[in-house]
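Let me begin by presenting the structure, written as structure tokens, before commenting on it.
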Amino acid sequence: MTSAIEQHFSQTYEEARGKFLLASDEAGLPLQCREHPKRGRDGELLAMDIARSGAPEATSLLIISSGCHGVEGFCGSGIQSFMLRDMQWQRFAKQAGVAVLYVHALNPHGFSWWRRTTHENVDLNRNFIDFSAALPPNEGYDEIADWLVPDSWPPAPEVALALDRYVKAHGHAAYQAAASGGQYRHPDGIFYGGNAPTWNNLVVRQLLREHASKASKLAWIDIHTGLGPSGVGEKIFGCRHDDASIARARSWWGKDVTQLDDGSSTSAPLQGLLWHAPHEECPHAEYTAMGLEFGTVAIDEMIDALRADHFCWRAEPPVAPRLQAEAGQELKACFYVDDADWQGMVFGQARTAVVQALCGLGASA
């Protein structure tokens, strides 16, 4: 029998989108659809969908978003659909006087195609930089680029040996930082931040200007998967470094809120973060943000799945459809655990986090 939680999770983007739209409609919330320029893997329409509860003039706004990294959207979408049907949560938000913006599928193309990147092969959470300035270097990535995405898959023994030597010489943390921190010189590589703002970047900024222009208090919980012990949610501080914001985040979500720049997070330090956009688009607002990262598999397994996906994506001539499908299924399994216990764990932690954010916004309103 499907549990009350399981029924909100999906197997495809189209199914997930349908559940989100239906739950929003049944909750009586106005919907916006920002249609993507491409189509999905099954020819379906792709869109960033937005539902909003609360008064248009509300001065406190909570954003709950999913699918920044495409295939990670299976987790966040299920959580959003359940929250939209949670009448106790809806009443609580109304009583607190806080508007809630549900942004479904920040990266609908990656969600549909079971990829982590946008249709341009861009990691959306590395794309929010100033492209009018010199692009940030990543010398570590430059050194290992050809080994990370080699010319054959599985990698030749000498490629595996070269990466192993790099890890032994520099340490695993340096390898993770080089591979995942963000790079801007290798368009067909992993964790590529792009050479211009993506469609997704531009739409997010437009949504912030439209929905947060009246907010004096703004919070954002962006749901991710892939790092840490399976089913355990890491609360990663999402604002620019500022002692007052960190203190506020820890007063809401607990002292275990981690930071990217001090070694406390399972993530390496990153650049080009989506979560920094409100600093630019909503400078008037007191801003508190968290990336809620749910663990799935070991990091090396996840990076290897990304490497295989990128090899298949860039291969010339194209790889056999069977190999492409296997790579996609493996990547999905690395970012979404299709198991009722895992789904229950992530939903429980997410609901706690959004209620805490609501309390924080309500207390400071």
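Remember, predicted model here, so these are calculated numbers, not experimental data.
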Report the residues that fulfil salt bridge (charged side-chain N to carboxylate O under 4.0 Å, His left out) with Arg39, sequence neighbours left out, ordered by chain and then residue number.
none
Would you call Arg34 and Glu210 a salt bridge, taking side-chain N to carboxylate O under 4.0 Å as the test?
yes
Are Phe128 and His276, when compared by the centres of their aromatic rings, separated by less than 6.0 Å?
no
Between Asp242 and Arg240, is the side-chain contact (heavy atoms from CB on, under 4.5 Å) condition met? List the steps.
CA-CA 6 Å; Asp242 142 16; Arg240 290 176 181 162; 5.9 Å; no
Parallel, tilted or perpendicular: which fits the ring planes of His119 and His36, with parallel below 30° and perpendicular above 60°?
perpendicular
So, for Gln80 and Ser66, which heavy atoms are closest and what is the spacing to 0.1 Å?
OE1-OG, 2.7 Å
Charged N to carboxylate O under 4.0 angstrom, Arg17 versus Glu44?
no
In terms of side-chain geometry, is the basic nitrogen of Asp86 or Arg351 positioned less than 4.0 Å from the acidic oxygen of its partner?
yes
Could you tell me whether the side chains of Glu120 and Thr118 share a donor-acceptor contact shorter than 3.5 Å?
yes
Any idea how Phe82 and His8 line up, ring-wise: parallel (<30°), tilted (30 to 60°), or perpendicular (>60°)?
parallel
Under 4.0 Å between a Lys/Arg side-chain N and an Asp/Glu carboxylate O for Arg314 and Asp151?
yes
Run the ring-centre check on Phe335 versus His69 and record whether the distance is less than 6.0 Å.
no
Please find out if less than 6.0 Å separates the ring center of Tyr287 from that of His279.
yes
By side chain to side chain contact (heavy atoms under 4.5 Å, CB included) - contacts of Asp130 (at least two apart)
Ser132, Ala133
